[in-house]
Amino acid sequence: MKLYNTLTRQIEEITPLQAPTVTVYTCGPTVYDYPHIGNWFTFIRYDLLIRTLRMSGFEPKWVLNITDVGHLVSDADEGEDKLEKGAKREGKTAWDVAKFYADYFTEGLKRLNFTQPHELPKATEHIAEQIQLVKELEAKGFTYVIDDGVYYDTSKFPKYADFARLDLDEQQAGARVEVNAQKRNPTDFALWKFSPKDHQRDMEWDSPWGKGFPGWHLECSAMSRKYLGDTLDIHSGGIDHVPVHHTNEIAQSEAATGKPFANVWMHTNHILINDEKISKSLNNGITLEDIEAKGFSLEAFRLHVLESHYRSQSKFSWESLEAAQNRLKAYQQMADMVYQPTTTGEKLDKHKWRMELEASIQNDLDTPKFLAVVSALSAHVTENGIHNEGEAEDLQFLFHLIDEVLGTNLFWGNDITEEQKQIIAEREKARENKDWAKSDELRDQLTEQGIGLNDMPNGTIWFRL
RNA sequence: GGCGCCGUGGCGGAGUGGUUACGCAGAGGUCUGCAAAACCUUUUAUGCCGGUUCAAUUCCGGUCGGCGCCUCCA
C-alpha cells in the first residue's frame with residue numbers, strides 16, 4: 001500500500017516498524033462547538049486510511065485525540081482558550097462544553113460508521129504526561145520562562161523549518177507582527193501557559209512552573225508517545241497543520257526522544273462551499289443535522305466525501321450530495337442482483353475486479369478511481385446479470401470488499417421475503433393473462449413494502465426503494 | 001514574501017499519451033400494456049503559448065487566472 005508522505009513529498013510504500021501493526025495518530029477535533037461537514041470530510045478520510053490499511057493486511061492501531069483544553073483562538077499563543085470562549089457563549093463551564101461536544105463527536109463517529117479507534121484520549125486526562133514532557137524538554141535546555149508561560153526555543157532545534165519547508169526570514173515579511181516581545185524567536189510556542197491573574201479559569205492545573213494549562217501542541221506529542229511509542233508509522237491531520245501544529249509537534253517530540261517522530265505524514269486538504277472555505281466568520285458551516293434535515297442520508301454524505309481525492313481541494317454542494325445519493329442507490333440495486341440470477345450475458349471475473357479495486361485504493365487512497373471501478377462493475381452487472389450461485393457469492397465477496405473500504409452498507413445481506421416473491425410471481429401470471437388491473441395492484445402492494453420492480457426483457461427485477 | 005494546490009462539457013467531478021468515467025439538469029427518440037430501467041441522439045469539453053512525440057486533455061517549460069496555508073479554521 002502506498003501513501004503520499006508530506007515529509008518527503010513523495011508517494012511511498014508503507015513499511016511499518018513492527019508489521020503487521022501500523023501505528024496511526026490523528027489530530028482530532030477541538031470540542032468547543034458542533035463540527036461542520038469540513039471537519040467530517042477530514043475525519044472520514046482518516047477512517048478510509050484505517051480501513052484501507054486493514055484491507056491490505058495490516059493491523060492498524062489508531063489513536064484519535066480529543067482536544068478539550070489549551071487550543072487558543074490564535075495559534076500564536078494569544079487570545080482566549082476556545083473552550084473557555086465556548087463556555088462563555090453558552091453560559092456553562094468549559095468542562096461542560098468539553099463534555100458535551102466530545103460526546104457529540106464520539107456519537108458522530110458511530111453515526112457515520114467509523115472504525116472504532118483504539119483510543120480517544122482527551123488532553124485534560126493527560127496533564128501529568130504533558131507536564132512530564134515539558135520537564136524533559138526543560139532538562140535538555142529547550143525551554144525558557146517568560147511572563148505568560150513556559151516556551152519552546154525553536155532556535156535550539158535546527159531542523160525546525162525543514163518539515164514545512166519554511167523560509168523563516170521570508171515568512172516574517174508577510175506575516176503579522178508578533179505581539180509578544182518577550183519571545184526569543186517569532187516561531188517559539190507555549191508549552192505551558194500560566195493562568196491569567198485577573199480572572200479564574202475553569203480549567204487549570206498546578207505545575208512546577210505555576211498554575212496554568214498546557215499549550216495546544218503539547219498534548220499530541222505526549223499522548224501519541226504514551227499510546228503508540230516514540231516513533232509513529234503514520235501521523236495524519238489537516239493540511240493547515242503543516243506549518244505550525246505539526247512542525248511544533250515534531251520539534252517537541254524529537255527534541256525529547258532524539259528519534260524521528262513519525263515516518264509518514266498524511267495531510268488532508270480542505271473543502272470549499274460556493275468556492276469559499278468554511279469558516280466561523282463566513283458562517284457557512286453545515287452540520288450533519290442540516291444534511292439529514294434536507295432528507296439526505298449520512299451514508300450518501302460519506303460516499304460524497306469519498307468521491308474526491310483526499311489531497312485535492314474539493315467542493316461541497318447540495319447538487320453533488322444528491323448525485324451521491326443517487327449513485328448510492330444504484331450501487332445498492334446492483335448488490336441485490338445477488339438474489340436474482342439470470343441466464344444470459346458475460347460472466348463475472350471476481351479475481352479481475354478484486355485486483356482492480358485493491359490496486360486503486362492502495363495507490364494513495366485513490367477513491368475516485370476506486371469508485372470508477374465500482375461503477376464499471378455496476379455497469380457489468382446491470383448489463384450481464386448474475387448467472388448462478390457461485391457468481392452470486394463472488395459478487396457478494398466484492399461487495400463486502402467495497403463496503404469494508406468505503407464504510408458503506410451497500411450490501412444488506414438479506415433477500416426479500418417468500419411472500420414478496422410470491423406477489424412477484426402472481427404479478428407475472430397476471431401480466432401473461434394481460435390482467436393489467438391486477439398486475440398494477442400487486443405492484444402497488446410491493447411499492448408500499450418498499451420494493452420496486454423493473455420489467456426487463458428476460459424477467460422482472462426487484463429493487464429496494 | 002514563503003509553502004502548496006488547481007484550471008475539463010449547462011453544473012459537479014474522474015480516468016487516460018491515440019477509442020472522452022460517473023452523477024445531476026434540459027431536449028428528442030427506441031423499447032414497454034403502463035411504469036421503471038436500459039440504450040441512442042442532442043452542444044462530445046479539456047485557460048493560453050511553446051516543447052517532447054507519429055500522436056497530448058494526459059509529459060515538460062512558460063504564461064494568464066483561481067484557491068488554500070503562513071492569521072480563526074479540518
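Values reported hereafter were calculated over all heavy atoms of this structure, with side chains retained and with hydrogens, waters and symmetry mates removed. Nothing here was measured: the structure is a model prediction, and the numbers come from that model. In the text below, chain A, chain B and the rest are named by the order of the sequence lines, each starting its count at 1.
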Nearest listed nucleotide, side chain of [X], among [options]:
| X | options | result |
| --- | --- | --- |
| A/Pro368 | B/A37, B/A14, B/G33 | B/A14 |
| A/Ser312 | B/G12, B/G68, B/A14 | B/A14 |
| A/Ser308 | B/A14, B/G33, B/A74 | B/A14 |
| A/His270 | B/A74, B/C34, B/C24 | B/A74 |
| A/Ala372 | B/A36, B/A21, B/C34 | B/A21 |
| A/Asn39 | B/A74, B/G13, B/C34 | B/A74 |
| A/Gln313 | B/C69, B/C67, B/A74 | B/C67 |
| A/Arg327 | B/C69, B/C22, B/C24 | B/C22 |
| A/Ser375 | B/A14, B/C34, B/C22 | B/C22 |

**Request:** Classify the ring geometry between A/Phe301 and A/Phe316 as parallel (under 30°), tilted (30 to 60°) or perpendicular (over 60°).
**Result:** perpendicular
Looking only at atom [atom1], what distance separates [N] and [M], rounded to whole Å?
| N | M | atom1 | result |
| --- | --- | --- | --- |
| B/U43 | B/G62 | C1' | 32 Å |
| B/A35 | B/G29 | P | 13 Å |
| B/G23 | B/G18 | C1' | 27 Å |
| B/G12 | B/U71 | C1' | 31 Å |
| B/A37 | B/C48 | C1' | 44 Å |
| B/U58 | B/G50 | P | 14 Å |
| B/C31 | B/A36 | C1' | 12 Å |

With a 3.5 Å limit on both atom pairs, tell me what [N] is paired to, counting Watson-Crick and G-U wobble, or say none.
| N | answer |
| --- | --- |
| B/U57 | none |
| B/G7 | B/C64 |
| B/C39 | B/G29 |
| B/A21 | none |
| B/C69 | B/G2 |

**Item:** Over-ring placement of A/Lys92 relative to A/Phe100, 6.0 Å and 45° cut-offs
**Value:** yes
**Message:** Against the six-membered ring of A/Tyr4, is A/Arg9 placed for a cation-pi contact (under 6.0 Å from the centre, within 45° of the normal)?
**Reply:** no
Presence of salt bridge, [Y] and [X], under 4.0 angstrom:
| X | Y | answer |
| --- | --- | --- |
| A/Glu292 | A/Arg111 | yes |
| A/Arg327 | A/Glu307 | yes |
| A/Glu391 | A/Lys350 | no |
| A/Asp153 | A/Arg184 | yes |

Under 4.0 Å, heavy atoms only, any strand: does [X] hit a base, just the sugar-phosphate, or nothing?
| X | result |
| --- | --- |
| A/Gly38 | base |
| A/Ser317 | nothing |
| A/Ile271 | base |
| A/Leu371 | nothing |

**Message:** Return whichever of A/Phe43 or A/Glu307 has its heavy-atom-nearest nucleotide of RNA chain B closer to the 5' end.
**Reply:** A/Glu307
**Asked** Starting at the 5' end of RNA chain B, which residue's closest nucleotide do you reach first, A/Ser314 or A/Thr30?
**Response** A/Ser314
Tell me: [atom1] of [X] to [atom2] of [N], nearest whole Å?
| X | N | atom1 | atom2 | result |
| --- | --- | --- | --- | --- |
| A/Met334 | B/C22 | CE | C1' | 13 Å |
| A/Trp318 | B/A25 | CH2 | P | 17 Å |
| A/Asn454 | B/C34 | CG | P | 15 Å |
| A/Leu446 | B/A35 | CG | C1' | 14 Å |
| A/Asn269 | B/G13 | CG | P | 13 Å |
| A/Phe163 | B/C69 | CZ | P | 17 Å |
| A/Asp240 | B/A74 | CG | P | 7 Å |
| A/Tyr4 | B/C3 | OH | C1' | 11 Å |

Report yes if a donor N or O on one partner sits less than 3.5 Å from an acceptor N or O on the other, where the partners are the side chain of [X] and the base of [N]; otherwise report no.
| X | N | result |
| --- | --- | --- |
| A/Arg311 | B/C5 | no |
| A/Asp440 | B/G33 | yes |
| A/Ser439 | B/G33 | yes |
| A/Arg443 | B/A35 | yes |

[N] OP1/OP2 closer than 4.0 Å to side-chain N/O of [X]:
| X | N | answer |
| --- | --- | --- |
| A/Asn326 | B/C24 | yes |
| A/Lys369 | B/A14 | no |
| A/Arg9 | B/G4 | yes |

**ring-ring contact (aromatic ring centres under 6.0 Å, His included) partners of A/Phe157, counting only residues at least two apart** =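 Not a single residue meets the ring-ring contact (aromatic ring centres under 6.0 Å, His included) criterion with A/Phe157.
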**Prompt:** Pick from A/Asp364, A/Thr367, A/Thr42: which one makes a side-chain hydrogen bond (donor to acceptor under 3.5 Å, both in side chains) with A/Tyr310?
**Reply:** A/Asp364
